[in-house]
Colleague: 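Dropping the structure in here first, questions after.
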Amino acid sequence: MKKNLSNIKAEIENYASESNLTALQVVDKLKDYYFNKKVNENLKLYKKGQKKVSEVTKDLKISPRKFYAILEKKNINYTKYNKNKDA
């Protein structure tokens, strides 16, 4: 495990030196890539009705408000619930 981790560190450092980025910037880009990958997997399940909003937000560790913003950004239809009842 430690040997694999050192290989990953070396690869990140090599890429950072070649691309004129810092190692932290490379890690942030990797984090964004894998987060978006996980979001897309969960959106597929959400569209099929296999996952609820609460399950997706738990899996992604984000708030429901952020999840609804992602849905709006990707133009995915969802049901808005009105908490204020003006009846």
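Only heavy atoms go into these numbers, but all of them, side chains included; no hydrogens, no water, no symmetry mates.
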Colleague: Sequence neighbours left out, cut at 3.5 Å: what donor-acceptor pairs do the side chains of residues 13-24 make with other protein atoms?
Modeller:
unit_1 : atom_1 : unit_2 : atom_2 : d
N14    : ND2    : A10    : O      : 3.3
S17    : OG     : E13    : O      : 3.4
S17    : OG     : N14    : O      : 2.8
S19    : OG     : Y15    : O      : 2.8
T22    : OG1    : Q25    : N      : 3.2

Colleague: Would you say the side chain of V39 lies within less than 4.5 Å of the side chain of V56, judging by non-hydrogen atoms?
Modeller: no
Colleague: Nearest 0.5 Å, please: how far is OH in Y68 from OG1 in T57?
Modeller: 8.5 Å
Colleague: For the atom pair CG (N7) and CD1 (I12), what is the distance rounded to the nearest 0.5 Å?
Modeller: 11.5 Å
Colleague: Quick one, L71 with N77, criterion side chain to side chain contact (heavy atoms under 4.5 Å, CB included). Give me CA distance, side-chain angles, the key distance, then yes/no.
Modeller: CA-CA 7 Å; L71 290 176; N77 294 332; over 6 Å; no
Colleague: When clusters are formed by joining ILVMFWY residues with side-chain heavy atoms under 4.5 Å apart, either directly or through shared neighbours, do L45 and L60 land in the same one?
Modeller: no
Colleague: For K52, is there any backbone N or O sitting under 3.5 Å from a side-chain donor or acceptor partner on E55?
Modeller: yes
Colleague: Less than 4.5 Å apart, side chain to side chain, heavy atoms only: is that true for L5 and K9?
Modeller: yes
Colleague: In this structure, is the centre-to-centre distance between the rings of F67 and Y46 below 6.0 Å?
Modeller: yes
Colleague: If we check side-chain hydrogen bond (donor to acceptor under 3.5 Å, both in side chains) with N42, which of these qualifies: K47, Q50, K51?
Modeller: K51
Colleague: Please, which pairs that meet salt bridge (Lys or Arg N to Asp or Glu O under 4.0 Å) have at least one residue in residues 27-44, sequence neighbours excluded?
Modeller: K38-D59
Colleague: Is a donor from one side chain sitting under 3.5 angstrom from an acceptor on the other, for K74 and N40?
Modeller: yes
